[in-house]
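One structure below.
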Amino acid sequence: MQNVIPNLLTWYKNVHRKLPWRETSNPYYIWVSEVILQQTRVEQGREYYVKFVDKFPDVFSLARADVSEILKIWQGLGYYARARNMHFAAKQMVDLHQGNFPNDYFSIKNLRGIGDYTAAAIASFAFKQHYPAIDGNVKRVTARFYGVDLPISTPAFYKLVEKELFLAIKTTEPDIFNQAMIELGAMVCTPVNPKCEICPIQSECFAFKFDKTLELPNNPPKKKPIRKYLHFFYIEVEGHLVLQQRPSEGIWGGLNEFPCIESLGVDEIPENMMEYLGLENGSFEIVDNFEFKHLLTHQTIFAKLWHLKVNSNNNLTLKNWNLIKINDIRTFPLHKLMVKILDKLHL
DNA sequence: AACACGGGGGC
DNA sequence: GCCCCAGTGTT
């Protein structure tokens with residue numbers, strides 16, 4: 001790699017995208033951007049970054065916020081544990097570092113929600129430390145460049161790539177090198193149809209030389225999404241509705257939704273509905289219902305919405321629920337499936 | 001080592 | 001449809 005590193009860095013300096021978080025060396029802003037960009041495309045995360053640093057401009061403002069405020073900013077971005085973990089990490093920084101951002105790789109990696117990649121990114125971008133930031137882009141570039149055929153998700157692959165990149169980054173500007181590798185993977189060495197003709201490190205690339213860009217990286221096929229059947233209950237009571245907050249663990253952790261029951265099929269009204277909601281015979285009427293499909297990476301959700309009108313909420317037996325004004329519902333952090341329901345209901 | 005965890009965009 | 005994205009934490 002050593003021979004082509006100058007080409008790589010020159011290429012990056014000439015053609016890289018201008019992005020908001022590239023204008024700063026403030027570790028807090030870099031951290032926010034890196035967490036937002038975990039498993040998230042730049043164009044999807046861009047506006048979220050602007051909103052986030054506007055609302056929470058420093059460690060202290062984030063540490064003293066409520067999780068719900070952070071989730072509201074995070075709404076729609078997915079992987080909501082990231083928001084909760086950032087809140088925890090901000091409090092760690094207040095408690096352990098007087099609110100300062102730790103300035104070495106291992107202290108950074110000890111913060112909640114920061115793993116190998118993010119620690120290396122912050123340590124190199126903000127503090128010029130020589131740690132390779134190994135994300136999906138860099139794994140792909142490296143697998144092709146060195147001809148690493150090990151399955152991309154294995155520890156053996158990671159260790160080999162890490163070893164090579166440590167040798168490479170040692171002798172150069174670590175921040176520019178990491179940015180350049182990531183940018184190369186995002187813009188040139190793409191998963192399909194890589195633009196080898198404009199690649200600055202083509203001359204020493206194994207995959208280009210042996211025409212193996214289609215075979216590398218070695219990425220075993222993924223599992224099919226599981227199917228799930230969810231029933232949501234829009235419970236209307238005298239101009240108000242029932243909103244329930246999900247537990248902090250699991251999917252959509254900490255977000256709000258209509259009370260929900262999972263069933264084995266979507267066609268019938270769930271047998272345990274009245275028991276779950278705490279409704280009695282004759283105390284409610286079903287005024288509407290509709291079905292729709294919602295796609296996630298790991299789940300295909302067949303959802304059904306039941307619109308109920310009840311005369312009183314005296315007997316509701318749910319956990320973590322609130323009776324709220326209909327007009328207030330969009331002020332709560334909501335997941336996308338819930339937003340989809342509200343849109344269909346014109347709420 | 002395998003899984004859980006969202007949502008979206010490119011082809 | 002399928003791929004996979006500036007990954008991390010848990011089991």
Side-chain angles (χ1 to χ4, degrees), chain A residues 12 16-17 19-22 29-49 71 74-86 88-89 108-125 131-141 150-159 175 177-187 189-194 214 217 219-226 228 246-255 257 293-301 333-340:
Chain A
Y12 176 77
H16 72 261
R17 296 167 289 177
L19 299 169
W21 47 87
R22 283 178 172 164
Y29 293 113
I30 293 172
W31 171 50
V32 172
S33 73
E34 291 302 336
V35 175
I36 286 176
L37 292 172
Q38 288 167 4
Q39 294 293 284
T40 304
R41 293 172 186 277
V42 166
E43 285 316 313
Q44 189 190 359
R46 194 172 189 143
E47 290 309 310
Y48 282 90
Y49 170 82
L71 286 173
W74 212 267
Q75 173 172 323
L77 197 52
Y79 288 157
Y80 299 96
R82 290 182 290 176
R84 184 177 306 277
N85 289 340
M86 287 188 79
F88 189 96
I108 294 169
K109 194 167 137 42
N110 276 337
L111 299 169
R112 183 77 63 90
I114 297 187
D116 287 345
Y117 164 75
T118 305
I122 297 170
S124 64
F125 299 162
Y131 290 90
I134 305 173
D135 73 338
N137 291 308
V138 175
K139 286 179 184 175
R140 182 173 56 256
V141 170
L150 295 161
I152 195 166
S153 61
T154 59
F157 174 91
Y158 189 87
K159 283 187 169 58
D175 49 340
F177 176 82
N178 280 335
Q179 289 277 15
M181 288 290 283
I182 294 166
E183 187 81 347
L184 189 69
M187 305 304 291
C189 195
T190 45
V192 293
N193 303 327
L214 288 178
N219 212 342
K222 305 208 177 354
K223 284 178 32 180
K224 282 172 47 179
I226 60 174
K228 269 196 181 172
R246 297 184 63 90
S248 54
E249 309 80 26
I251 190 169
W252 299 318
L255 273 65
E257 63 187 9
K293 190 158 78 166
H294 187 78
L295 299 176
L296 303 176
T297 300
H298 308 287
Q299 299 181 15
T300 301
I301 296 175
L334 311 167
H335 54 74
K336 280 277 176 173
L337 196 162
M338 181 63 186
V339 170
K340 196 187 284 187

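Naming: A, B, ... by sequence-line order, numbering from 1 per chain.
Nearest-nucleotide positions on DNA chain B for Q299(A) and V192(A) put Q299(A) closer to the 5' end. Mapping S153(A) and L255(A) onto DNA chain B via the closest heavy atom, the residue that lands nearer the 5' end is S153(A).
Residue I182(A) is in base contact, counting any heavy-atom pair closer than 4.0 Å across all strands shown. Here R46(A) lies out of heavy-atom contact (under 4.0 Å) with every strand. Contact annotation for N178(A): no contact, since no heavy-atom pair falls under 4.0 Å across all strands. Residue W21(A) is in base contact, counting any heavy-atom pair closer than 4.0 Å across all strands shown. Using a 4.0 Å heavy-atom cutoff across all strands shown, G253(A) reaches no nucleic acid atom at all. Residue G185(A) is out of contact with every strand shown, counting any heavy-atom pair closer than 4.0 Å. Across all strands shown, I114(A) has heavy atoms under 4.0 Å from sugar-phosphate atoms exclusively, and none from any base. Among the atoms of the strands shown, none is found under 4.0 Å from any heavy atom of I301(A).
Between Y49(A) and W21(A), the gap from one ring centroid to the other is short of 6.0 Å.
Annotation for P225(A) and Q299(A): closest pair CB-N, 3.6 Å, computed over non-hydrogen atoms.
At a cut-off of 3.5 angstrom, the base of dG7(B) holds no donor-acceptor pair with the side chain of T40(A). Between the side chain of T118(A) and the base of dG7(C) there is no donor-acceptor pair of N/O atoms closer than 3.5 Å. In the interface, the side chain of R41(A) is paired with the base of dC4(C) through a donor and an acceptor atom under 3.5 Å apart.
Note that NZ of K228(A) and OG1 of T300(A) are 11.5 Å apart. Values are rounded to the nearest 0.5 Å.
In the model, S124(A) has a side-chain atom that pairs as donor or acceptor with a side-chain atom of N178(A) under 3.5 Å.
With P as the reference atom, dC11(B) and dA6(C) are 14 Å apart, rounded to whole Å.
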